[in-house]
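The structure under discussion appears below in the form of structure tokens.
Letters A, B, ... are given to chains in the order of the sequence lines, protein chains preceding strands, and every chain is numbered from 1. Remember, predicted model here, so these are calculated numbers, not experimental data.
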Amino acid sequence: SQELEQSPQSLIVQEGKNLTINCTSSKTLYGLYWYKQKYGEGLIFLMMLQKGGEEKSHEKITAKLDEKKQQSSLHITASQPSHAGIYLCGAVMVGNTGKLIFGQGTTLQVKP
Amino acid sequence: GAVVSQHPSRVICKSGTSVKIECRSLDFQATTMFWYRQFPKQSLMLMATSNEGSKATYEQGVEKDKFLINHASLTLSTLTVTSAHPEDSSFYICSARQPGFRSGGYTFGSGTRLTVV
């Protein structure tokens, strides 16, 4: 079973539209990480969330972690073609000795 | 700061041969490193946790005799794919853990694309 569920698995949006990617854990999280990747390349760190209810923003990307620290969302406002790629949520779970595991990933396409 | 260098970036090898991938932390000491594998259109799957000076801890389903991990120093971990077969072709990526850095403590290498022919 997947410890970290990410949805949707793929997303196609028109440029300028907003979108949300969700990440849900079956266990309480010590930390939740969002990365962007192009397949076959390294990961680009976006944000890390550790506190329940925490919200962080960078440019047009906002990430939130719920109070229970089991669910996170990544929201992109006014999407652009440069936002296209694979978005990965990663998490360290309480008691997991620092292992960072990943959800299934979301492939985002932004149509001009 | 917090740079991880992974080498080689691409390698093609013949079936039955072994391939070594290196992961180096350039400007910090990494007591713990992680190795992941990624198939096309899939996410990163954790293979093993590499701890300096001790045996690696492998995830369920990962053959430790096939994927040899050595973490002999605080800046270098290696993954050796032994007797490689075409099904081992994949993208392998390492991560070094260093709490306190801006990236939240996990710095990733740029990955190695392995093709076994």
Side-chain angles (χ1 to χ4, degrees), chain A residues 1-11 21-25 29-51 54 56 58 63 65 72 84-93 95-109, chain B residues 1-11 23 30-52 54 56-62 89-115:
Chain A
S1 63
Q2 189 77 25
E3 288 186 283
L4 207 59
E5 291 283 346
Q6 188 174 340
S7 64
Q9 290 192 21
S10 65
L11 198 52
I21 300 168
N22 294 299
C23 185
T24 302
S25 170
L29 304 174
Y30 177 78
L32 190 288
Y33 302 75
W34 285 100
Y35 296 90
K36 182 184 175 186
Q37 184 199 26
K38 290 186 179 180
Y39 175 71
E41 298 182 12
L43 275 64
I44 300 170
F45 172 73
L46 296 175
M47 274 170 273
M48 178 189 70
L49 304 165
Q50 275 191 304
K51 299 177 183 176
E54 188 173 13
K56 289 185 177 179
H58 178 66
L65 181 63
S72 179
I86 302 170
Y87 288 82
L88 296 163
C89 69
V92 177
M93 299 185 182
N96 234 8
T97 62
K99 292 192 299 184
L100 180 63
I101 63 170
F102 288 88
Q104 300 96 322
T106 297
T107 301
L108 171 64
Q109 293 181 50
Chain B
V3 176
V4 170
S5 173
Q6 187 171 341
H7 179 79
S9 57
R10 293 174 180 268
V11 58
C23 182
T31 55
T32 304
M33 290 187 176
F34 303 91
W35 286 95
Y36 297 85
R37 182 176 184 176
Q38 185 180 33
F39 290 108
K41 298 188 178 182
Q42 293 188 25
S43 187
L44 275 68
M45 294 297 295
L46 180 64
M47 299 174 67
T49 302
S50 170
N51 295 299
E52 186 268 337
S54 64
T57 303
Y58 291 82
E59 294 299 302
Q60 191 173 6
V62 178
S89 298
S90 189
F91 185 66
Y92 294 86
I93 191 165
C94 68
S95 172
R97 184 182 181 199
Q98 183 66 6
F101 275 78
R102 287 184 59 201
S103 62
Y106 296 90
T107 304
F108 286 82
S110 53
T112 298
R113 182 184 296 279
L114 169 64
T115 304

Legend entry - Test item: B:Phe108 and A:Tyr35 side chains (from C-beta on) under 4.5 Å apart, heavy atoms: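 They are in side-chain contact.
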Legend entry - A:Val92/B:Tyr106 under side chain to side chain contact (heavy atoms under 4.5 Å, CB included): CA gap, chis, key distance, verdict: CA-CA 11 Å; A:Val92 177; B:Tyr106 296 90; 3.2 Å; yes
Legend entry - Part of B:Glu59 lying under 4.5 Å from any heavy atom of chain A: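 Contact with chain A involves the side chain of B:Glu59 alone.
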Inset, instruction - Mind ranking A:Thr107, A:Leu46, A:Ile86, A:Leu100 by heavy-atom pairs under 4.5 Å with chain B and telling me who comes out on top? - result: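 Winner by heavy-atom pair count: A:Leu100.
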Inset, instruction - Sort out for me which of A:Gly98, A:Gly90, A:Gly42 touches chain B most, counting heavy-atom pairs under 4.5 Å. - result: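 Between A:Gly98, A:Gly90, A:Gly42, the count favours A:Gly98.
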Inset, instruction - Only counting residues at least two apart or in another chain, list the ones meeting ring-ring contact (aromatic ring centres under 6.0 Å, His included) with B:Tyr92. - result: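 With sequence neighbours excluded, B:Tyr92 shows a ring-ring contact (aromatic ring centres under 6.0 Å, His included) to no residue whatsoever.
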Inset, instruction - Check whether more than 12 heavy atoms from other residues, nucleotides or ligands sit under 6.0 Å from atom CD of A:Gln50, and answer yes or no. - result: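 Buried by this count: over 12 neighbours within 6.0 Å.
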Got a list of side-chain donor-acceptor pairs under 3.5 Å for residues 38-49 of chain B, not counting sequence neighbours?
unit_1, atom_1, unit_2, atom_2, d
B:Gln38, OE1, A:Gln37, NE2, 2.8
B:Gln38, NE2, A:Gln37, OE1, 2.9
B:Gln38, NE2, B:Gln42, O, 3.0
B:Ser43, OG, A:Gly103, O, 2.4

Inset, instruction - Show your reasoning for whether side chain to side chain contact (heavy atoms under 4.5 Å, CB included) applies to A:Ile101 and B:Phe34. - result: CA-CA 10 Å; A:Ile101 63 170; B:Phe34 303 91; over 6 Å; no
